Amino acid sequence: MGIDNIVDKSFIINQKKLKQFGDECNNVKIGIMGGTFDPIHYAHLATAEFIRDNYKLDKILFIPSGNPPHKKGNITNKNDRYNMVLLSTINNEDFIVSDIEIKREKSTYTIDTLKDLKQKYKNIDVYFITGSDAICDIETWKDVEGNFKLANFIAAIRPGISLLKANEKIKDLKDKYDANIESVYVPSLDISSTYIREQLNKHKTIRYLVPELVQEYIYNKKLYSSGE
């Protein structure tokens, strides 16, 4: 089966998961994994699963960003990034992908996404999963206080980020905004999208850094200067 057919199959499976989630959505806890996912890799997936399990979340909703205001430089086409997330979550019933930000033409802000989700799913507790580095910069986000009113935040402490610095910032945010933020050390893989893009630009292997279907998609579509 060609990769485009697998993408189509992944889309259909995801639509069924979304419908089932909507039908059964009553007093559930969902984790939100947002990001550019350029590309998505095993550390993203491992982090999502670790937090889902440890916080007893019912589902993880992956939301690839459409036009992120904080990202500078070239970003891979949003539809390609969305497709790669579909491919990487096809076999996990607890992982669902939303195109809510992909469909927006303007800049995509977390506050708008949270408002849309709260309107669509009335009885949900939202746990927004982000990196501790993002928490340290969260006051640059649009309507930071509104974000804290709409969601609980889980800051994943990852290698390279000072635990002391992150916890000091979290305490400051709690005091200033009455924010509900928890920090958790995630024993995930030391992989980054930047490293993967660098590997591909050097025509080096990315095997075991990303799911096999994502690797196949990247090579097939010649993303990140690969497959040339």
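Atom set for the values below is all heavy atoms of this structure, side chains included, hydrogens, waters and symmetry mates excluded. No experiment lies behind these values; they were computed from the predicted model shown.
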Are E182 and N152 close enough, and set up right, to give a side-chain contact (heavy atoms from CB on, under 4.5 Å), and what steps lead you there? CA-CA 8 Å; E182 293 189 49; N152 309 289; over 6 Å; no
My understanding is that only one of I196, V210, L45 makes a side chain to side chain contact (heavy atoms under 4.5 Å, CB included) with I40; could you say which?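 Result: among I196, V210, L45, L45 is the only option passing the side chain to side chain contact (heavy atoms under 4.5 Å, CB included) with I40.
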Only one of I138, I32, I170 clears side chain to side chain contact (heavy atoms under 4.5 Å, CB included) with F153; which? I138
Could you check whether any side-chain N or O of [X] sits under 3.5 Å from a backbone N or O of [Y], counting only pairs where one atom can act as donor and the other as acceptor?
| X | Y | value |
| --- | --- | --- |
| S65 | N67 | no |
| N54 | F50 | yes |
| D172 | E168 | no |
| D58 | K29 | yes |
| D99 | I102 | no |
| K165 | D133 | no |

Surrounding [atom1] of [X] (heavy atoms of other residues, nucleotides or ligands, distance under 6.0 Å), is the total greater than 12?
| X | atom1 | answer |
| --- | --- | --- |
| D178 | CG | no |
| Y42 | OH | yes |
| K118 | NZ | yes |

Looking only at heavy atoms, what is the nearest atom pair of [X] and [Y], with distance?
| X | Y | value |
| --- | --- | --- |
| R81 | T76 | NE-O, 2.8 Å |
| C25 | I124 | SG-CG2, 3.1 Å |
| P39 | Y224 | N-OH, 3.3 Å |
| A166 | S132 | CB-CB, 3.9 Å |
| K174 | I181 | CE-O, 2.9 Å |

Transitive ILVMFWY side-chain link [X] to [Y], under 4.5 Å:
| X | Y | answer |
| --- | --- | --- |
| V184 | F128 | no |
| L18 | V126 | yes |
| L61 | M33 | no |
| L114 | I135 | yes |
| V214 | Y195 | yes |

Intermediate values then yes/no, side-chain contact (heavy atoms from CB on, under 4.5 Å), H41 and L209: CA-CA 6 Å; H41 49 70; L209 299 178; 5.5 Å; no
Going through the distances and angles, do I6 and L87 end up as a side-chain contact (heavy atoms from CB on, under 4.5 Å)? CA-CA 8 Å; I6 299 175; L87 291 169; 3.6 Å; yes
For a salt bridge (Lys or Arg N to Asp or Glu O under 4.0 Å) check, start with the C-alpha distance between K221 and D4, then their side-chain angles and the critical distance, and finish with the verdict. CA-CA 10 Å; K221 304 298 179 182; D4 289 331; 2.7 Å; yes
Could you tell me whether the side chain of [Y] reaches within less than 4.5 Å of the side chain of [X], counting heavy atoms only?
| X | Y | value |
| --- | --- | --- |
| L213 | S88 | no |
| D23 | K19 | yes |
| S193 | T36 | no |
| H44 | V85 | no |
| K149 | E145 | yes |
| V97 | Y82 | yes |

Donor-acceptor pair between [X] and [Y] side chains, under 3.5 angstrom:
| X | Y | answer |
| --- | --- | --- |
| Y177 | E139 | yes |
| N147 | T110 | no |
| D80 | Y217 | yes |

To the closest 0.5 Å, what do you measure between [atom1] ([X]) and [atom2] ([Y])?
| X | Y | atom1 | atom2 | result |
| --- | --- | --- | --- | --- |
| I30 | L117 | CD1 | CG | 6.0 Å |
| I129 | R52 | CD1 | CZ | 10.5 Å |
| I13 | I96 | CD1 | CD1 | 13.0 Å |
| Q15 | S10 | CD | OG | 11.5 Å |
| I3 | Y219 | CD1 | OH | 13.0 Å |
| E49 | D94 | CD | CG | 6.5 Å |

Anything under 30° is parallel, anything over 60° is perpendicular, the rest tilted; go ahead and classify Y55 against Y127.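 Tilted, since the angle between the ring planes falls between 30° and 60°.
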Assign the ring pair F37 / F62 to parallel, tilted or perpendicular, where the plane angle (0 to 90°) is split at 30° and 60°. tilted
Check whether F21 forms a cation-pi arrangement with K17 (NZ or CZ under 6.0 Å from the six-membered ring centre, at most 45° off the ring normal).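 Checked: cation-pi criterion not met.
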Only one of R104, K103, K106, K142 forms a salt bridge (Lys or Arg N to Asp or Glu O under 4.0 Å) with D112, so which one is it? K142
Take T47 and I51 through the side-chain contact (heavy atoms from CB on, under 4.5 Å) test and state the conclusion after the steps. CA-CA 6 Å; T47 296; I51 291 177; 4.0 Å; yes
Any carboxylate oxygen within less than 4.0 angstrom of a Lys/Arg side-chain nitrogen, looking at D116 and K120? no
Just jot down the salt bridge (charged side-chain N to carboxylate O under 4.0 Å, His left out) partners of K202, sequence neighbours excluded, or say none.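 With neighbours one apart ignored, the set is empty.
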